[in-house]
Amino acid sequence: MLRKIHRWIGLALILPFALQGLTGVLLVVLPLLLAGRPAVPAMGPAMGAEAMIGAARAVAPAGTLPLRFDPPRWPGDSAVVAFGPAGERHPEFEVMVDPTHAAILRTHIVPHMLRVLHNLHADLLLLPYGQNATGIMGVLLSVMAITGLILWWPHPGLWASGKWRRTIAVSPRARGYRLWRETHVSLGFWTLAMMLFLGASGAVLAFPFSRPLFGVQGGDRPAHARSHRPDHAAPLPGEQGLDAAMAALRSQRPDAVLTAVRLGALPADQSFTVILPGHGPNHPATLRYDPEAGAVRVTRDPGRQRTGEWAFMWLHTLHEAKLAGPVAFAGLWRTAVGIAGLALFFFSISGGVMWVLRRRGAAMRRTRAAPRPGPDSAAVS
């Protein structure tokens with residue numbers, strides 16, 4: 001029964017599983033191929049963030065606005081201003097700026113393919129039902145991993161003799177159906193833990209009810225504050241007041257390491273992503289500046305996260321292979337996620353091939369076992 005469950009789930013979802021594996025690999029690999037920030041000579045103090053964003057506006061596509069500002073990470077590094085349509089979270093255009101002179105160094109169009117791949121991986125382009133469909137696929141992938149482990153589990157005699165090790169390697173003499181099966185089984189053994197994690201975490205991230213179930217609140221972006229200016233006045237650019245906010249951040253929270261500034265259509269949209277001591281780059285905090293009070297306040301404190309929020313955050317970070325450090329472990333984890341995506345794609349192909357070969361072999365055996373008409377039967381006829 002378990003063998004039939006394993007087989008028919010795989011056959012029913014052969015195309016969706018293949019798409020999930022292939023898009024997962026591409027989402028891990030393609031960002032690594034994008035151009036990084038160019039280095040610049042460190043010849044003096046950096047200009048204000050508003051000046052850098054203003055310079056980047058001159059080369060940004062029409063109809064876009066600054067969505068994110070990434071300050072220089074170290075002396076000699078460049079700043080990045082990311083642009084996109086109003087109301088969007090994902091930028092479409094990036095401008096690298098020399099922080100010393102606010103000169104444009106390079107522009108970069110974020111490939112639209114990345115957005116399409118992300119949507120295909122997250123909801124199979126089946127909105128509004130795609131998230132539930134992807135969640136169900138995650139559950140079924142976990143079932144496939146568990147049933148695969150049970151089906152592989154060797155007989156006690158193999159454990160005692162040590163011959164079970166032969167089941168996790170491909171024999172050099174394997175050909176045809178045996179080669180496909182041994183590769184399928186051995187690769188499943190080595191990627192079992194990652195498959196189980198990615199299936200379970202993918203289901204949690206996909207189902208719409210998971211966020212409230214884990215106690216995850218909505219974004220910390222407040223409603224747009226009404227400015228104290230006439231309605232007929234020109235709208236303020238979203239970066240206005242950013243220099244004063246960053247100066248207050250440096251003076252009031254000197255221990256915070258600024259990694260990114262989120263922008264929007266209005267100055268009220270500004271928020272700071274920072275690394276606080278004792279939490280590390282994988283647990284960033286979010287801060288906001290209140291210009292009326294002149295105070296910087298923490299709106300998302302990693303030290304006060306509830307267990308559900310903490311678990312959901314880690315599932316999201318690990319599933320998307322977006323660890324910020326340590327560098328060595330982040331690279332190894334990204335590699336493991338990419339291999340698991342390739343394995344899922346291969347399992348879909350190998351499962352289909354084994355099913356076809358098995359049916360072909362069964363048909364040939366039935367043909368050979370069928371009684372052939374003899375001379376007596378010909379005489380009677």
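No experiment lies behind these values; they were computed from the predicted model shown. Sequence positions, counted from 1, serve as the residue numbers for this chain.
- Proximity of a side-chain donor or acceptor of R359 to a complementary backbone N or O of V356 within less than 3.5 Å is not detected.
- Using modelled atom types, no side-chain atom of T286 and backbone atom of T299 make a donor-acceptor pair closer than 3.5 Å.
- Proximity of a side-chain donor or acceptor of H121 to a complementary backbone N or O of T23 within less than 3.5 Å is not detected.
- The pair R57-E239 meets the salt-bridge criterion, since a charged nitrogen lies less than 4.0 angstrom from a carboxylate oxygen.
- Just one residue in the list W310, F312, F209 forms a ring-ring contact (aromatic ring centres under 6.0 Å, His included) with F214, and that residue is F312.
- Atoms OG1 and CZ, from T107 and F93 in turn, are 4.0 Å apart once rounded to the nearest 0.5 Å.
- Looking only at side-chain heavy atoms (C-beta outward), P99 and M47 stay at 4.5 Å or farther from each other.
- Distance alone, capped at 3.5 Å, is enough to place a donor-acceptor pair between the D243 side chain and the E50 backbone.
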Next item on the list: Could you walk me through whether Q270 and R262 pass side chain to side chain contact (heavy atoms under 4.5 Å, CB included), step by step?
Entry: CA-CA 5 Å; Q270 297 174 10; R262 187 167 64 179; over 6 Å; no

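- Linking Ile, Leu, Val, Met, Phe, Trp and Tyr whenever their side-chain heavy atoms come within less than 4.5 Å puts V204 and L323 in one cluster.
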Item checked: Chi angles and distances behind the salt bridge (charged side-chain N to carboxylate O under 4.0 Å, His left out) call for E94, R106 -> CA-CA 8 Å; E94 293 181 340; R106 180 189 300 166; over 6 Å; no

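- The shortest side-chain heavy-atom distance between T259 and I275 falls under the 4.5 Å cut-off.
- Under 4.0 Å is where a charged nitrogen must lie from a carboxylate oxygen, and between E88 and R115 at least one such pair does.
- Within the 4.5 Å cutoff, the side chain of P45 has no heavy atoms near those of the T100 side chain.
- For the pair P85 and E92, the minimum side-chain heavy-atom distance is below 4.5 Å.
- Smallest separation of non-hydrogen atoms from G199 and S142: C-OG, 3.4 Å.
- For the atom pair N282 CG and K322 NZ, the distance stands at 13.0 Å (nearest 0.5 Å).
- Across G325 and P281, no two heavy atoms sit closer than the pair N-CG, 4.4 Å.
- With salt bridges taken as basic N to acidic carboxylate O contacts below 4.0 Å, one links R297 and D290.
- Under a 4.5 Å side-chain heavy-atom criterion applied to ILVMFWY residues, the cluster that includes L158 comprises L149, W152, W153, W159, W164, I168, V185, F189, W190, L192 as well.
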Residues 5-12 side chain polar contacts: donor-acceptor under 3.5 Å, at least two apart:
unit_1	atom_1	unit_2	atom_2	d
H6	ND1	M144	O	3.3
H6	ND1	T147	OG1	2.9

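- The heavy-atom pair separating A79 from M52 by the smallest distance is CB-SD, 3.9 Å.
- Minimum interatomic distance between A174 and E182 (heavy atoms only, all atoms of both residues): CB-OE1, 3.7 Å.
- Applying the ring pair (Phe, Tyr, Trp, His ring centres under 6.0 Å) definition to pairs two or more places apart or across chains, those involving residues 318-339 are F197-W333.
- In this structure the side chain of M194 never reaches within 4.5 angstrom of the side chain of I339, judged on heavy atoms.
- Residues V274 and L249 are in side-chain contact: their nearest non-hydrogen atoms beyond the backbone lie under 4.5 Å apart.
- A donor-acceptor pair under 3.5 Å is absent between the side-chain atoms of D301 and the main chain of A285, judged by distance alone.
- Criterion: ILVMFWY side-chain heavy atoms under 4.5 Å apart, direct or through other members. Under it, L187 and V25 are part of a common hydrophobic cluster.
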Table please: side-chain donor-acceptor pairs of residues 125-140 below 3.5 Å, with sequence neighbours left out.
unit_1	atom_1	unit_2	atom_2	d
T134	OG1	A122	O	2.8
T134	OG1	G130	O	2.9

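- If you take NE2 on H155 and OG1 on T167, they are separated by 14.0 Å, rounding to the nearest 0.5 Å.
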Throw together a table of side-chain donor-acceptor distances under 3.5 angstrom for residues 343-353, partners on residues two or more places apart or in other chains.
unit_1	atom_1	unit_2	atom_2	d
S348	OG	I14	O	3.4
S348	OG	A18	N	3.3
S348	OG	L344	O	3.2
S350	OG	H184	ND1	2.6
S350	OG	F346	O	2.9
S350	OG	F347	O	3.3

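- Both Y289 and I53 are assigned to one and the same hydrophobic cluster, defined by single-linkage of ILVMFWY side chains at heavy-atom distances under 4.5 Å.
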Next item on the list: Mind running side chain to side chain contact (heavy atoms under 4.5 Å, CB included) on R288 and R300 for me, showing each step along the way?
Entry: CA-CA 10 Å; R288 287 188 178 275; R300 184 167 63 91; over 6 Å; no

Side-chain donor-acceptor pairs under 3.5 Å in residues 27-38, sequence neighbours left out?
unit_1	atom_1	unit_2	atom_2	d
R37	NH1	P71	O	3.0
R37	NH1	D77	OD2	3.2
R37	NH1	S78	O	2.9

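- Between the CD atom in Q240 and the CG atom in L266 there is a gap of 10.5 Å [rounded to 0.5 Å].
- Minimum interatomic distance between P284 and T273 (heavy atoms only, all atoms of both residues): CB-CG2, 3.7 Å.
- Side-chain N or O atoms of R73 include none that pairs as donor or acceptor with a backbone N or O of D70 at under 3.5 Å.
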Check: Can you list the steps and then say if L196 with I146 is a side chain to side chain contact (heavy atoms under 4.5 Å, CB included)?
Finding: CA-CA 8 Å; L196 189 57; I146 294 172; 4.1 Å; yes

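- Residue M354 holds its CE atom at 11.0 Å from CG of L179, rounded to the nearest 0.5 Å.
- One hydrophobic cluster, built from ILVMFWY side chains closer than 4.5 Å, holds both I109 and F83.
- The two residues S251 and P254 have their closest heavy-atom pair at O-CD, 3.8 Å.
- In this structure, CZ on R181 lies 10.5 Å from OG on S186, to the nearest 0.5 angstrom.
- Without hydrogens or angle criteria, E309 side chain to R306 main chain gives a donor-acceptor distance under 3.5 Å.
- No donor-acceptor pair closer than 3.5 Å links the side chain of H101 to the backbone N or O of A103.
- Under the 4.5 Å side-chain heavy-atom criterion for ILVMFWY residues, a single connected hydrophobic cluster contains both L22 and L13.
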Next item on the list: Determine, step by step, whether L263 and L242 satisfy the side chain to side chain contact (heavy atoms under 4.5 Å, CB included) criterion, reporting the C-alpha distance in whole Å, the side-chain angles of both residues, the deciding distance to 0.1 Å, and the verdict.
Entry: CA-CA 9 Å; L263 303 168; L242 181 57; 4.2 Å; yes

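- Heavy-atom contacts from other residues, nucleotides or ligands closer than 6.0 Å to CZ of R360 number 12 or fewer.
- Here the side chains of R253 and L276 are in contact, with some heavy-atom distance below 4.5 Å.
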